[in-house]
Amino acid sequence: MSTRDPAETDTLTPTAPLEGTATTVGRGGDWWRTAVIYQVYPRSFADHDGDGVGDLPGITSRLDALGELGVDAVWLSPFYTSPQRDAGYDVADYRDVDPLFGTLADFDALRARATELGLRVIVDVVPNHTSSDHAWFREALASAPGSPARGRYLFRDGRGPDGDLPPNNWQSIFGGPAWSRVTEADGRPGQWYLHLFDSSQPDLDWTNRRVRDEFVDVLRFWLDRGVDGFRVDVAHGMIKAEGLPDYTPPADSGSMGGGQGESAPPPYWGQEGVHEIYREWNAVLAGYPGDRVLVAEAWVEPLSRLADWVRPDEMHQAFNFAYLETGWSAPAVRQVVDASIETFSSVGAPSTWVLSNHDVVRHASRLALTAENPQGHGIGPASEGLPVPELGLARARAASTLMLALPGSAYIYQGEELGLPEAIDLPDESRQDPTWFRTGGERYGRDGCRVPLPWSATEPAFGFNATGASWLPQPADWSTYARDEQRGVAGSTLELYTRALRLRADHELGAGTLTWLDGFGPDVVAFRNQGVTVVTNMGEVPVELPVAEVLLATMVVDGPALPPNATVWLAATA
Ligand code: NOJ
């Protein structure tokens, strides 16, 4: 398939592209600088034992599909011992696998299979808080105020004459107060403990050396087991401002990052003290062979501040949430891409790109929302501005292929390669996100992006397992998204991703240089990277294309025009 002859370009294309300024990211170097990393959400990837919750043997049995897709690494969300009050982000034992997911031997088998397939493995570490089931917290509850056991967490006396008011006004990210009061051994109401998330997730006190030593040991445990790195949960939250001062975030802020556009960060996010923790961790990883990496989940704004997390002696990557949060707007995308490349490269780090994960509305729905939807609030049947599914899918395909052409490292969230939308119509009684409960149903939360994957159009639970059980119900029409319906089918989203990843590797786009192309008009994102021309039409009218071979297109490009909500990759012309 090709568009017009190169010779016609200038005459027939009044808006023929002109080369603009070039922005470069570092070439060569370590695998993670250019890697495509696939997020596996273990609860929902594949369920070997048929109990309705995914598990490690299930992942291992399906890893071939990720090899075939062409990713470089997988990141596994938590599978550690946990009461699952926050889907595993409430860890009770950092050195073991929850029976729900399998055993340490199952992890080793997964690791081994990944190695055979040439896939790296990154695991999650959750250092801001433990589960309230963790032995440390149980010990703290059984110990007196002021004891060393309480000193690992943030216990404080309450305010007011009887201490019955929380120590400050902080609110939990999931809604409701960020403090819960304990009952002391003598049966009387006692101290309060801080939990920025659910009450089952007490925050650790990272000024305590014992806490720091414990996590160095946890890192070593998994490094010794062969992991290639860690995605660090809430990497902007571990240190709190001295004195825990009151703070009220802006009303419209997303759950994880509220208020950081201001000059001073909130007292619980982005405090300077977190950086010495990562410097210590960086040295731990550097002591191991291979390129082991730390990836920050840090909802920090602006991007220039996030650069501090990826200075040469700290983390290696940070999720680019500024990019994720950019809407369907060409000027905004150009601006955030420029700012990202410039900011990350200023500290020698690659930019990352990400559009979806287990905490946000899937981008096949999000990019067509017509109402504001702060991160973490989720969408459900009663939400305003619900997306038109076809428009959402078209934009998602266009956005994903734009992303995969950018220099740097890209993250894919399981299911986006199938074009999965957010599951909007989940029955209320099936919802499990603490956000839903802590806001009395005011916020739907994140369950809609966590529904188990469809592998097969015709099998029980769409092939997620053999029993048909599923911890969140799968929408009936997900048969159309099933992997076996898309595999080898021209034009399917799975084939689009597979082809994009192959071309990305062949042309070494991850290590390339981005040069903006002008002349397509304000609603178009157009750039060249390693000789590949990428054009995304975010406007409402077709856009005339230069004459070139079409390498990849998210819609049928028949003739010289690119329809709205579409991306095309064109080969270099002679
Ligand atoms: C960020 C994780 O991605 C999210 O799922 C979790 O609820 C919070 N951190 C708390 O651990």
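The chain is numbered in sequence order, starting from 1. Remember, it's 1-based here, ligands and their atoms both numbered in the order they're listed.
- Ligand-side atoms of ligand 1 in range of Arg446: 4 (C), 5 (O), 6 (C), 7 (O), range being under 4.0 angstrom from any heavy atom.
- With a 4.0 Å cut-off on non-hydrogen atoms, Phe174 touches ligand 1 through its side chain and not its backbone.
- Residues satisfying the ring-ring contact (aromatic ring centres under 6.0 Å, His included) test with Phe107, not counting sequence neighbours, are Phe79, Trp222.
- The ligand atoms of ligand 1 that sit less than 4.0 angstrom from a heavy atom of Arg450 are 5 (O).
- Screening Tyr247, Trp192, Tyr268 for a ring-ring contact (aromatic ring centres under 6.0 Å, His included) involving Trp170 leaves a single residue, Tyr268.
- Ligand-side atoms of ligand 1 in range of His129: 10 (C), 11 (O), range being under 4.0 angstrom from any heavy atom.
- Proximity of the aromatic rings of Tyr94 and Phe215 is defined here by a centroid distance below 6.0 angstrom, and this criterion is met.
- Among Gln432, His129, Arg446, the one residue that satisfies the side-chain hydrogen bond (donor to acceptor under 3.5 Å, both in side chains) test with Asp86 is Arg446.
- Residues Phe45 and Trp455 bring their aromatic ring centres within 6.0 Å.
- Near Glu297, meaning under 4.0 Å from any of its heavy atoms, are these atoms of ligand 1: 1 (C), 3 (O).
- Of the listed residues (Asp233, Asp86, Leu196), the one carrying the non-hydrogen atom nearest atom 9 (N) of ligand 1 is Asp233.
- Between Tyr481 and Trp478, the angle of the ring planes goes over 60°, which puts this pair in the perpendicular group of the 30/60° scheme.
- Taking a 4.0 Å cut-off on heavy atoms, Arg85 fails to register as neighbouring ligand 1.
- Of all atoms in ligand 1, listed by their number and element, those nearer than 4.0 Å to a heavy atom of His358 are 2 (C), 3 (O), 4 (C), 5 (O).
- Ring-centre distance between Tyr444 and Trp436: below the 6.0 Å cut-off.
- Close approach to Val234 involves these atoms of ligand 1, each under 4.0 Å from a residue heavy atom: 9 (N).
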